[in-house]
Number of protein chains: 2
Amino acid sequence: MREAAAVEPRPYHHGDLRRALVEAARRILESEGPTALSLRAVAREAGVSPAAPYHHFKDKGELLDAVAHVGWDMLGESMNGAKERAADLGALMTEIGVSYVQFSQQHPALYRVMYDCSRDKDELPEGMQDNEDSAYCLVRETFRKVAGPEVPIVDIELATIAAWCAAHGLAEMSTFKQFDGLKIGLGGEEAFLRGVLGHLGMFQASKSIKV
Amino acid sequence: MREAAAVEPRPYHHGDLRRALVEAARRILESEGPTALSLRAVAREAGVSPAAPYHHFKDKGELLDAVAHVGWDMLGESMNGAKERAADLGALMTEIGVSYVQFSQQHPALYRVMYDCSRDKDELPEGMQDNEDSAYCLVRETFRKVAGPEVPIVDIELATIAAWCAAHGLAEMSTFKQFDGLKIGLGGEEAFLRGVLGHLGMFQASKSIKV
DNA sequence: AGATTGATCTTGACGCCGTTCAGATAGGTG
DNA sequence: CACCTATCTGAACGGCGTCAAGATCAATCT
């Protein structure tokens, strides 16, 4: 029976499990948070046995790496989208920063996995590596344009790192509930983000990259 | 036999286990890293059964909280020590920042536990809370003095948060090995830290707290 | 077509984890 | 002294990551 109902669902032994596992992991992350993300739970969610993932990933870490990879793609898109929202080049850095932190707030569990994967290996996250079209390059090239050609490249590099540190720090801390009062006083979450970013030199067009 | 040899070691049933457990945990953190830090391993290291810790801590999280508490005390001392190393008030913020990041580099596993405890609860770490003599107050009061009385308090607050975000981000990222080349080029680890911090507005005396 | 192959998945097991509970131990108090 | 209570142990539970052995099945070869 059922010769080839193959509309979409299970074309092979079980389907392409690799993708299914990554999506199951993301579903668990969104609905139950990082602590619920066990390999067995992912297999359960995908409807396979606990050992099945080992035919597609060396170990749990490699599955998480795949999840993180999706996350960095999403974050990269979000940051690139800032180009459309920025009024001019001067405002672009702020918009990128806001995009970054807002992404981390919309996907807190995913963001945590993204960074934990990096720290476990002491390696830069993919999105921060110096590949072409990486998010890192987007930030650095924005800095380069804002700063002009007379600024030494090492300063561009350091400013990019500094900006990323600040954005990452804010991403991890902005959810702490002790800031709720201040957020209300400033008029909401985004005003708070812009307020903090505004006090970091490089997120203000007028004074960015003073050597 | 041995009526009261109580010099230091085991005055009671097993000694004051609570402290012993926290110290055992710190020993494991330093020698084997955060992933090796299981409750059972801590009990083993302290020479007691796996269930013994439950008479002193509600669960594993509460033990980690105690470890983190020690860590924030240490970090607070380190930051306060910056006062002696700073040439003038203008340089103080930079020295505090350097102290912060250097602490995280000297105790990476401990620093990770310190922050993970906070994020698990969405609560500010102790050292960042607005208690008197907290590290947060040290930073904020430094800003207040540098900025002068005409700067609104909300900007002092935002600048303090921004500085902390940047320091935390740098603390977490400075160990990534992709920065090794840049560090060598700049003349070492500390030069790298000062380089990055120098590109953050609030760590430069001359331009800190521009409203 | 039928046999073979190799990738995919399951079953069952191992050791470790966090946690609980009944019972042993022993200091402090009457 | 006997009792009480805090402390600690031993054994157990379910869940975890991982692995080895066997079942299943698409694809390939003859």
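Computed from heavy atoms alone, side chains included, the values below leave out hydrogens, waters and symmetry copies. Quick note on labels: first sequence line is chain A, next is B, and so on, each numbered from 1.
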Could you list by number each residue of residues 108-123 of chain A showing a heavy-atom separation from DNA chain C of less than 4.0 Å, or answer none if no residue does?
none

Please list, in numerical order, the residues of residues 52-68 of chain B that have a heavy atom closer than 4.0 Å to any atom of DNA chain C.
B:Y54, B:D59, B:K60

Indicate whether the side chain of A:Y54 and that of A:E62 have a donor and an acceptor atom separated by less than 3.5 Å.
no

Counting only side-chain heavy atoms from C-beta out, which of D:dT9, C:dT19, D:dG17 sits nearest to B:V48?
D:dT9

Between C:dT11, D:dG10, D:dC16, spot the one nearest the side chain of B:A51, thanks.
D:dG10

Donor-acceptor pair, distance only, cut-off 3.5 Å: does the side chain of A:T160 make one with the backbone of A:V139?
no

Heavy atoms under 4.0 Å, any strand shown: does B:S49 hit a base, just sugar-phosphate, or nothing?
base

Have a look at A:R18 and say if it touches a base, only the backbone sugar-phosphate, or nothing, with a 4.0 Å heavy-atom cut-off.
nothing

Please report the distance, rounded to the nearest Å, between CD in B:E32 and C1' in C:dC17.
15 Å

The bend of the helix from C:dA1-D:dT30 to C:dG30-D:dC1, taken between the axes of its five terminal pairs at each end and rounded to 10°, is 10°

Tell me whether B:K145 at atom NZ has more than 12 heavy atoms from other residues, nucleotides or ligands lying less than 6.0 Å away.
no

Are A:R40 and C:dC17 close enough that a side-chain N or O sits under 4.0 Å from OP1 or OP2?
no

